[in-house]
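Contents: one structure, followed by commentary.
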Amino acid sequence: MAEGQPQPGKMQDERAGAMTAPGPLQPYELTLDKLIDHAGKWHPRGEVITGGGAGTVPTRIDFAAMRDRSNHLSGALLALGMARGDRIATLAWNSQGHMEIWYAAFGIGVSSHTLNPRLGIAQIADMIRQAGDRLLAISADQAAVAEALVPLCPKLESVLVLDEPGGDAWPLPACTVPVWTQARLLAELGAPAEWGGFSESLEAGLCFTSGTTGAPKGVPYSHRCNYLVTLNLLQSDVMGINARDTILAAVPMFHANGWGLPFAAPAAGARLVFPCRHNDGASLAELIRSEGVTLAVGVPTVWLGLIEHLEATGETLPSLQRVLLGGSGVPQALIDRIESRLGVCVQTSWGMTELSPLGTVTPSGSPGRASTAGRPPVGVDLRLIDAEGRVLGEQRGVEGHLQVRGSSTIDRYLGQDESVTHDGGWFDTGDLAVIDAEGNLAITGRAKDLIKSGGEWINPGEIEAIVGGLPGVSLVAVIGRAHPKWSERPVVVVESEKGASVSDAAIRAALDGAVPRWWMPDAILRVDPMPLAATGKVDKQALRARFGADPDAVAA
C-alpha cells in the first residue's frame with residue numbers, strides 16, 4: 001500500500017485483508033470480480049457498446065471477451081507493481097476501456113478512484129494526493145491534463161491511455177513518468193491473473209463528493225457495499241434490470257460508480273451502452289435508436305438536450321421504455337415532456353455519493369412525479385429529525401431533516417478517524433424532506449440552501465417546484481440575496497426553453513397564493529445557460545457569487 005494511505009482496517013474493517021472465518025456455509029466473499037465472472041460464464045453474448053458520436057460506428061465487446069481482457073489487464077497491473085490495497089485513478093469518460101480497467105483493479109484488490117474530468121487541475125491533483133494513487137488511467141482527450149497533473153502528484157508512477165472510439169494514442173511528450181496505451185499494455189505485459197482471495201470488506205473504489213456544499217471529501221466503497229447495491233438495483237421496484245434490457249448509461253462512471261450500472265448490467269446479463277464523451281442530443285438519439293435501448297439513465301440536463309433534439313427533428317425512439325432521472329430536482333414539466341414525447345415511463349430517484357449512491361427510486365410503471373423520489377429498498381433506512389437533532393415523533397406527512405443508514409452508507413470520510421454518523425449509524429444528508437403515508441420520499445430542499453429573511457426561513461425548493469412546472473421554464477434556481485434590513489431575500493433565476501419565454505408576471509401569478517406573501521421573490525433574473533456544477537446540477541455557488549450581493553451596496 002502506498003505510503004500515507006489509511007490502512008484498510010481504518011477505512012473498512014479489521015478483516016479487510018483476510019477471508020472470513022470458516023462457518024456452516026461455504027465462505028463466499030461478495031467481491032466485484034464475481035460480477036464480470038458471472039456475466040462471462042452465463043451471459044457471454046451480452047455486450048458493452050461504446051459510442052463515438054453521431055455518424056460513427058460504435059465499438060462493441062461481449063462479456064466473455066471483456067472478462068478475459070480485464071483479467072489480462074490485471075496481470076499487467078501486477079507487472080507494473082500494483083498490489084492489493086493500492087489505488088489507481090481514472091480520469092475518463094464512460095467506455096469499454098474504462099470498465100475494463102475497473103474490473104482489472106477490482107479482481108486483484110486494487111481500488112479504483114474515479115475523477116471528474118470537468119474539475120480543475122488543482123482540485124484533481126489534491127484528490128490524487130489524498131488518495132495516494134499510483135497509476136492514472138485517462139481518456140485520450142485528457143492527455144494535456146495528465147501532463148499537468150504528474151508534476152503535482154509525486155506518487156503517480158505511470159499513465160495509461162484507455163482505448164476509446166476516435167481516441168488518439170497521445171504520446172504525452174512532456175510526461176515524466178512512463179506512458180502506456182491500453183493496447184500496448186495488454187500486448188506487452190498482459191497475462192492471466194488470479195482474482196479474489198481477499199475480504200469483501202476491502203476497499204474497491206473511491207469517489208469524492210461534488211463539492212457543491214463544501215470542500216470535496218473522499219468516500220471509500222467496499223466490495224461488499226457495491227455488491228449489495230447491485231442486488232438492490234436489480235429489484236423489480238428499483239431499476240428492475242434483466243437480461244432482455246439494453247441500458248444507456250448517460251450518468252458518468254465518475255458520479256458514484258455510474259449509479260452502479262457497470263455492476264448491475266453484467267450481473268443481470270443486460271447490454272450496456274456507453275456514450276463515451278458524446279452526451280449531446282443527436283449522439284444519444286442515434287445510440288438509443290441503433291442499439292435498441294430500453295432503459296436510459298442520467299441527470300435531467302442530459303434529457304433536456306435529447307428532448308430538444310427530438311422536438312427539432314421529429315425523430316422517434318420506439319425501443320425506449322423507461323427513463324430514470326436523478327441527481328437534482330426534476331421539474332414536473334420536464335417529466336411530462338419526456339413521457340409525452342417519448343411515450344416512456346419516467347422513474348425519479350434520490351441518492352448521494354455517501355450512499356454508494358442508492359437512496360430511493362420510484363417503481364417502474366408508476367407515473368413520473370417530481371414530488372416524490374420513491375421508496376428505499378431493503379438495506380436502506382430513513383428517518384426525519386428536527387433542527388435540534390430530535391427524532392420527529394410523527395414521521396409521515398411532516399417536513400424534517402433527513403437522515404439515512406444502511407449497508408452502503410458511509411461511516412467515515414477518507415483520512416478521517418471520527419465517524420460522521422450519529423445515534424446508531426444515522427448519517428445527516430443535509431436534505432429537508434417529507435415522507436408520505438405510503439413511504440415515498442420527497443426532497444423539499446437543502447438545509448444550507450434555506451434563506452433566512454427577517455428571522456424566518458424560506459425554503460427555495462418549494463418556490464423552485466412551482467416555477468419549474470411553468471411552460472417555457474427549462475431550469476430554475478432560487479438563491480438568497482443580501483438585504484440591508486432583512487438579511488436575505490429570495491431571487492428567482494430562470495433559464496427558458498429554447499424558443500420560449502415566461503414573463504415575470506406569469507411567475508409571480510403562479511407563486512401568488514401558493515407560498516406566503518413574504519416569500520415572494522425580490523427579483524426574477526434570466527440566464528442562458530444556467531451554470532451547472534461538474535455533476536450536472538445547478539451550480540448555486542456560482543449563482544450566489546454572481547447575484548447574491550445587495551445590488552444597492554454594490555452600486556454604492
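- The closest side-chain donor-acceptor pair between W180 and S158, if any, does not fall under 3.5 angstrom.
- Judged by distance alone, the side chains of W350 and T360 never bring a donor and an acceptor atom under 3.5 Å apart.
- Of the possible donor and acceptor atoms, none in the side chain of N257 sits under 3.5 Å from a partner among the backbone N and O of G260.
- Side chains of V219 and L414 form no contact here, defined as non-hydrogen atoms less than 4.5 Å apart.
- Judged purely by atom type and a 3.5 angstrom limit, D280 has no side-chain atom pairing as donor or acceptor with the backbone of G305.
- For the residue pair S139/E164, the side-chain donor-acceptor check at 3.5 Å is satisfied.
- Residue-environment remark: CD (E188) exceeds the threshold of 12 foreign heavy atoms within 6.0 Å.
- To the nearest 0.5 Å, atoms CD1 (I124) and CZ (R118) are separated by 11.5 Å.
- Proximity of a side-chain donor or acceptor of T31 to a complementary backbone N or O of D33 within less than 3.5 Å is not detected.
- When only modelled atom types and interatomic distance are considered, T246 and E291 share no side-chain donor-acceptor pair under 3.5 Å.
- Counting heavy atoms from C-beta on, the side chains of M239 and L233 come closer than 4.5 Å.
- With a 4.5 Å cut-off on side-chain heavy atoms, I247 and F274 do not count as touching.
- Looking at every heavy atom in both residues, A193 comes nearest to I108 through CB-CG2, 4.4 Å.
- In this structure a side-chain-to-backbone donor-acceptor pair under 3.5 Å is missing from N94 to C276.
- Geometric assessment of K34 against the ring of Y28 yields a positive cation-pi assignment under the 6.0 Å and 45° thresholds.
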| query | Given T90 and H98, is the side-chain hydrogen bond (donor to acceptor under 3.5 Å, both in side chains) satisfied, shown in steps? | reply | CA-CA 8 Å; T90 67; H98 197 173; 2.9 Å; yes

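- Counting only distance, with no hydrogens or angles, the side chain of T209 and the backbone of P216 share no donor-acceptor pair below 3.5 Å.
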| message | Determine whether R60 and Q96 satisfy the following criterion, side-chain contact (heavy atoms from CB on, under 4.5 Å), listing intermediate values before the conclusion. | response | CA-CA 8 Å; R60 60 190 69 242; Q96 170 190 325; over 6 Å; no

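- A side-chain N or O of Q182 and one of E100 form a donor-acceptor pair less than 3.5 Å apart.
- Ring geometry, F263 versus Y103: the interplanar angle exceeds 60°, so the pair is classed perpendicular (tilted spans 30 to 60°).
- Taking 4.5 Å as the limit, every side-chain heavy atom of I49 sits out of range of all side-chain heavy atoms of L272.
- Of the inter-residue distances, the one linking I101 atom CD1 with F106 atom CZ reads 10.5 Å to the nearest 0.5 angstrom.
- Surrounding CD of Q235 are more than 12 heavy atoms belonging to other residues, nucleotides or ligands, all under 6.0 Å away.
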| task | Test side-chain contact (heavy atoms from CB on, under 4.5 Å) on V344 and R322 and set out the steps. | result | CA-CA 5 Å; V344 299; R322 293 186 288 145; 5.8 Å; no

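- At a cut-off of 3.5 Å, with distance as the only test, no side-chain donor of Q123 or D126 sits close to an acceptor on the other residue.
- Here the side chains of D133 and K155 are not in contact, with every heavy-atom distance at 4.5 Å or above.
- When side chains are defined from C-beta on, L185 counts as touching L80, because their heavy atoms get closer than 4.5 Å.
- Looking only at distances, no side-chain donor or acceptor of H113 sits under 3.5 Å from a matching main-chain atom of L206.
- Atoms CG and OG1, from D245 and T294 in turn, are 3.5 Å apart once rounded to the nearest 0.5 Å.
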| Are I88 and L136 close enough, and set up right, to give a side-chain contact (heavy atoms from CB on, under 4.5 Å), and what steps lead you there? | CA-CA 6 Å; I88 66 171; L136 175 63; over 6 Å; no

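- Side-chain polar atoms of S74 and N71 form no donor-acceptor pair below 3.5 angstrom.
- Between the side chain of S419 and the backbone N or O of T421, at least one donor-acceptor pair lies under 3.5 Å.
- From E147, atom CD reaches atom CD of Q142 across 12.0 Å, with rounding to the nearest 0.5 Å.
- Salt-bridge annotation for R87 and E203: present, with a side-chain N of the basic residue lying under 4.0 Å from a carboxylate O of the acidic one.
- Ion pairing of R67 with D37 is present here, as a side-chain N (NZ or NE/NH1/NH2) and a carboxylate O approach within less than 4.0 Å.
- A donor-acceptor contact shorter than 3.5 Å is absent between the side chain of S283 and the backbone of N279.
- The shortest non-hydrogen separation linking P377 to L358 is CG-CD2, 3.7 Å.
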| message | Using side-chain contact (heavy atoms from CB on, under 4.5 Å), reason through Y221 and C207 one step at a time and then give a plain yes or no. | response | CA-CA 8 Å; Y221 303 124; C207 183; 3.8 Å; yes

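- Here the side chain of R129 pairs a donor or acceptor atom with the backbone of L152 at under 3.5 angstrom.
- Counting heavy atoms from C-beta on, the side chains of L325 and V299 never come closer than 4.5 Å.
- Using modelled atom types and a 3.5 Å distance limit, the side chains of W93 and D141 yield a donor-acceptor pair.
- Shown here for V361 and L324, the closest heavy-atom pair between the two residues is CG1-CD1, 4.0 Å.
- To the nearest 0.5 Å, atom CZ of residue R69 and atom CE of residue M99 are 13.0 Å apart.
- Under the 4.0 Å criterion applied to side-chain N and carboxylate O atoms, R134 and D86 are assigned as salt-bridge partners.
- Judged purely by distance below 3.5 Å, without hydrogens or angles, the side chains of E29 and H223 never pair a donor atom with an acceptor atom.
- Looking at D428, its side chain never comes within 3.5 Å of a backbone N or O of G430 through a donor-acceptor pair.
- To the nearest 0.5 angstrom, E308 atom CD is 6.0 Å from L304 atom CG.
- Between I307 and L342, some side-chain heavy-atom pair lies under the 4.5 Å cut-off.
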